[in-house]
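Residue numbers run from 1 in the order of the sequence given.
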Amino acid sequence: MNKQPKYRQVADILRREIANGVFEPGARLPSESDLQQRFDASRNTVRNGLSLLVSEGLISSSQGLGYEVKSHEVFELNASRFENLTFPQNGDAYNTDVTNAGRRPHQTFRVEVLPAPQEIAERLKIEPTTKTVLRFCHRYVDDVPWSTQATYYPSWLVDESPRLAEPGDIEEGTTRYLASRGIEQVGYFDEIAARMPTPEEARLLEIGAGVPVMLWTRTGYSSDRPIRCTITTFRGDLNRMNYEIGELTARSENT
């Protein structure tokens with residue numbers, strides 16, 4: 001005997017049907033009245049079940065239009081190749097990956113000088129409140145908000161690479177620009193986490209209820225010290241990240 005509350009039973013069945021393609025992305029769910037009859041449930045029970053699916057980011061609701069299955073056109077990012085200088089590029093790494101996937105890139109920039117936050121200072125091995133240059137990108141794929149990227153550069157690096165402090169895009173990408181100045185990124189350390197978005201993140205990324213963000217923190221190193229720390233905040237429903245580690249000949253032969 002199912003001991004779950006009735007609204008959870010409703011949500012479980014609809015969730016399973018969405019996963020199995022009974023209701024495809026963009027499809028409208030049956031009306032609340034139809035669902036009441038189907039599940040022999042009250043209007044409040046049906047609404048609570050639907051609200052649960054809304055909070056999970058599976059469906060959206062519109063006044064007068066009912067409930068619709070969300071469309072999730074996921075963008076796949078290869079984090080191993082991202083910023084790899086030996087990989088052919090068309091502009092920076094972001095433009096290259098999006099263009100190669102047959103999608104349209106667009107990004108806006110903000111550049112400012114500010115004291116290093118504590119977590120950034122620790123990663124860059126500088127004293128807290130030391131001046132850093134923040135390059136902030138708001139990125140889109142096919143005009144849909146995709147991510148925000150905040151990269152902090154220590155002031156000593158900006159003295160040697162002045163374009164970092166200039167507004168606007170560095171078309172070849174900052175990693176290539178720094179390499180041209182004799183400052184080569186020889187390695188990086190990645191950290192990946194997930195959480196619910198802040199109100200500002202939800203606004204910038206146009207995130208609906210129940211959708212988490214994925215945080216990708218990459219600290220880049222020259223041969224002797226950190227040279228930058230980048231925090232990329234992705235929409236959790238539209239992104240997938242992968243890494244290539246070790247010998248993968250068998251994988252390419254089978255695909």
Study note, to complete from the structure: Checking Arg16, Arg15, Gln9 against Asp12 for side-chain hydrogen bond (donor to acceptor under 3.5 Å, both in side chains), the one that qualifies is Arg15
Review point. Side chains of Ile170 and Leu164: does their closest heavy-atom pair fall under 4.5 Å?
Key: yes
Study note, to complete from the structure: Shortest non-hydrogen pair, Phe109 vs Cys137, comes out as CE2-SG, 3.2 Å
Check your understanding: Could you walk me through whether Tyr243 and Ile192 pass the side chain to side chain contact (heavy atoms under 4.5 Å, CB included) check?
Key -> CA-CA 12 Å; Tyr243 285 83; Ile192 299 173; 3.7 Å; yes
Exercise for review: Please state whether the rings of Trp146 and Phe234 are parallel, tilted or perpendicular, taking 30° and 60° as the class boundaries.
Suggested key: perpendicular
Review point. Taking atom CG of Leu204 and atom CZ of Phe136, what is their separation to the nearest 0.5 Å?
Key: 5.5 Å
Review point. How long is the gap from CD on Gln185 to CZ on Arg176, to the nearest 0.5 Å?
Key: 12.0 Å
Review point. Tyr177 and Val133: same hydrophobic cluster, using ILVMFWY side-chain contacts below 4.5 Å?
Key: yes
Review point. Are there more than 12 heavy atoms of other residues, nucleotides or ligands under 6.0 Å from atom CD of Glu76?
Key: yes
Practice item. Check whether more than 12 heavy atoms from other residues, nucleotides or ligands sit under 6.0 Å from atom CG of Asn242, and answer yes or no. Key: yes
Point to revise | Backbone N/O of Arg218 and side chain of Asp190: donor-acceptor pair under 3.5 Å | key: no
Review point. Mind checking whether Arg139 and Gln149 have side chains closer than 4.5 Å, heavy atoms only?
Key: yes
Exercise for review: In sequence, state the C-alpha distance, the side-chain angles, and the governing distance for Asp143 and Arg104, and then conclude on side chain to side chain contact (heavy atoms under 4.5 Å, CB included).
Suggested key: CA-CA 7 Å; Asp143 298 324; Arg104 289 193 320 278; 2.7 Å; yes
Point to revise | Non-hydrogen side-chain atoms of Ile120 and Ile231 separated by less than 4.5 Å | key: yes
Check your understanding: Just how far is it from atom NZ of Lys125 to atom SG of Cys229, taken to the nearest 0.5 Å?
Key -> 12.5 Å
Check your understanding: For Ile227 and Trp156, which heavy atoms make the closest approach, and how far apart are they?
Key -> CG2-CH2, 4.0 Å
Practice item. Answer yes or no: is there a side-chain heavy-atom contact under 4.5 Å between Val211 and Leu205? Key: no
Practice item. Please answer whether the main-chain N or O of Ser42 pairs with a side-chain N or O of Lys6 as donor and acceptor at a distance below 3.5 Å. Key: no
Review point. Is there a side-chain contact between Leu157 and Leu178, using heavy atoms and a 4.5 Å cut-off?
Key: yes
**Study point:** Connected via hydrophobic side-chain network under 4.5 Å: Val158 and Tyr152
**Key:** no
**Study point:** Hydrophobic cluster identity match, Tyr67 and Phe39, side-chain contacts under 4.5 Å
**Key:** yes
Study note, to complete from the structure: Residues pairing under salt bridge (charged side-chain N to carboxylate O under 4.0 Å, His left out) where one sits in residues 204-214, two or more places apart or in two chains, turn out to be none
**Study point:** Heavy-atom side-chain contact between Arg38 and Ile13 under 4.5 Å
**Key:** yes
**Study point:** Arg203 to Glu200 - nearest heavy-atom pair and separation
**Key:** NH2-OE2, 2.8 Å
Exercise for review: Mark yes or no for whether Arg123, through its side chain, and Glu119, through its backbone, hold a donor-acceptor pair below 3.5 Å.
Suggested key: yes
Point to revise | Check: Glu32 main-chain N/O paired with Arg43 side-chain donor or acceptor under 3.5 Å | key: no
**Study point:** Residues, nucleotides or ligands: over 12 heavy atoms within 6.0 Å of Arg240 CZ
**Key:** no
**Study point:** Separation of Ile183 CD1 from Ser161 OG (nearest 0.5 Å)
**Key:** 3.5 Å
Exercise for review: Any chance you could measure Arg28, atom CZ, to Ser60, atom OG, to the nearest 0.5 Å?
Suggested key: 8.0 Å
Check your understanding: Does the Gln118 side chain pair with the main chain of Pro128, one donor and one acceptor, at a distance under 3.5 Å?
Key -> no
Practice item. Using atom types as modelled and distance alone, determine if a side-chain donor or acceptor of Arg195 lies under 3.5 Å from a backbone N or O of Leu215. Key: no
Study note, to complete from the structure: side chain to side chain donor-acceptor pair (under 3.5 Å) filter on Arg135, not counting sequence neighbours, yields none
Review point. Honestly curious: do Leu114 and Ile126 fall in one hydrophobic cluster under the side-chain, below-4.5 Å linking rule?
Key: yes
Check your understanding: Can you check whether Glu201 reaches Thr148 side chain to side chain, under 4.5 Å on heavy atoms?
Key -> no
Exercise for review: Would you check if Leu35 and Leu50 make a side-chain contact, meaning some heavy-atom pair closer than 4.5 Å?
Suggested key: yes
Point to revise | Minimal non-hydrogen separation, Ala11 against Gly49, with atom names | key: CB-O, 3.6 Å
Practice item. Might you work through the side chain to side chain contact (heavy atoms under 4.5 Å, CB included) test for Val111 and Glu166, ending with a clear yes or no? Key: CA-CA 7 Å; Val111 180; Glu166 296 176 1; over 6 Å; no
Review point. Step by step, would you call Ile18 with Ile59 a side chain to side chain contact (heavy atoms under 4.5 Å, CB included)?
Key: CA-CA 9 Å; Ile18 291 171; Ile59 64 174; 3.8 Å; yes
**Study point:** CG on Leu29 to CD on Glu68, rounded to 0.5 Å
**Key:** 9.0 Å
Point to revise | Cluster link Val186 to Ile245, ILVMFWY, side chain under 4.5 Å | key: no
Practice item. List the atom of Glu160, the atom of Arg181, and the distance in Å for their closest heavy-atom pair. Key: O-NH2, 2.8 Å
Practice item. Could you please spell out the steps behind the side-chain hydrogen bond (donor to acceptor under 3.5 Å, both in side chains) verdict for Tyr153 and Thr174? Key: CA-CA 11 Å; Tyr153 298 94; Thr174 54; 2.9 Å; yes
Practice item. Indicate the atoms forming the closest heavy-atom contact of Ala202 with Pro197, along with that distance. Key: N-CB, 4.0 Å
